[in-house]
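Since the structure comes first, as structure tokens, the remarks are kept for the end.
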Amino acid sequence: MIDNAPVRTLVHKGLTIEGWSRAAVQSYWRIPELKVGFDLGAQPWSFMGTGTWLLSHTHLDHVAALPVYVARRRMMKMEPPTIYVPEASVEPIERMLKAVARLDRGRLPCRLLPARPGDEIELSREHVVTVSSTTHTLPSIGFVVWERRRKLKQEYHGLPGDRIRDLRLSGTEVTHEVRAPLVAYLGDSSPEGLDRCPAMFEATVLITELTFVAHSHRKEKIHKFGHMHLDDLLARRARFRNEVVIASHFSTRYTDDRIRRILAKRIPDMLDGRLQVWL
Ligand SMILES: [Zn+2]
Ligand SMILES: [Zn+2]
């Protein structure tokens with residue numbers, strides 16, 4: 001295996017979260033079981049097999065590897081990937097891919113699709129993604145991956161199986177869809193991006209940016225840049241129902257040590273052990 005980019009891994013209830021993120025450097029994440037990834041700031045060689053990507057916004061630390069990834073898939077004779085991006089970014093990305101294809105003298109086959117807040121994206125029969133709006137310095141979106149199941153409607157509980165089968169055969173809808181949020185990805189955003197999408201607080205796993213942690217970095221100014229401060233996380237601590245909260249995308253102004261020290265001091269219980277700091 002070619003090791004071209006750092007990857008951290010966490011397994012929780014059958015979901016493998018893989019990724020790495022640092023502000024202004026690169027961000028990329030994927031969940032192999034869901035066959036989906038978020039952002040392409042770089043593309044670890046091992047991520048190539050994932051064919052569907054959801055891009056939160058077009059800052060270079062989140063999209064720089066998009067043409068590289070598409071070219072590698074073609075070179076390895078894999079299916080052209082499907083890449084969802086904010087609607088306003090589709091046309092400029094198409095132009096960028098055309099220019100890169102000319103420079104590289106190679107085709108860049110992919111399905112580039114717009115994602116708008118409110119959209120639903122089908123990943124499979126069991127999984128669907130919802131798109132929400134986030135607040136950054138350019139068009140940006142967040143994502144929640146839901147598990148969906150068909151469940152027998154309440155009124156048919158207790159009926160014998162053959163009676164339910166007869167109802168189904170006669171065209172009666174005996175089941176309804178039940179959804180549960182599995183993984184939420186905020187991307188880059190001020191805390192409004194979380195507040196606007198309640199499912200972010202409910203998802204089993206939340207991947208959130210936490211660009212600024214130091215007291216000297218004022219949160220009012222940070223909100224203008226479309227980012228989160230540790231104070232924003234603390235102000236919402238009672239709302240996080242997630243089983244795992246992965247904090248990432250820390251500013252390069254801090255050393256790893258300083259981030260760990262500040263977090264240990266300000267959240268000594270690490271959200272009852274649910275907070276993971278990814279450095
Ligand atoms: Zn970023
Ligand atoms: Zn950004």
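One is the number of the first residue; the rest follow in order along the sequence. Counting convention: from 1, in listed order, for ligands and their atoms alike.
- A perpendicular orientation is assigned to the rings of His136 and His227, their planes being inclined by more than 60° (bins at 30° and 60°).
- Residue pairs meeting the salt bridge (charged side-chain N to carboxylate O under 4.0 Å, His left out) criterion with at least one member in residues 79-98, sequence neighbours excluded, are Glu87-Arg116, Glu91-Arg95.
- Any protein N/O/S atom under 2.8 Å from the Zn ion (ligand 2) was counted, giving 4 altogether.
- Two residues are said to be in side-chain contact when any heavy atoms from C-beta on lie closer than 4.5 Å; Lys35 and His127 fail this criterion.
- In this structure, Arg239 forms a cation-pi arrangement with Phe201, its terminal cationic atom sitting closer than 6.0 Å to the ring centre and no more than 45° off the ring axis.
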List the atom pairs, with distances to 0.1 Å, where a side-chain N or O of residues 153-162 and a protein N or O form a donor-acceptor pair under 3.5 Å, not counting sequence neighbours.
unit_1 : atom_1 : unit_2 : atom_2 : d
Lys153 : NZ     : Glu173 : O      : 3.0
His157 : NE2    : Leu152 : O      : 3.2

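- Residue Leu169 shares its hydrophobic cluster (ILVMFWY side chains chained together at separations under 4.5 Å) with no other residue.
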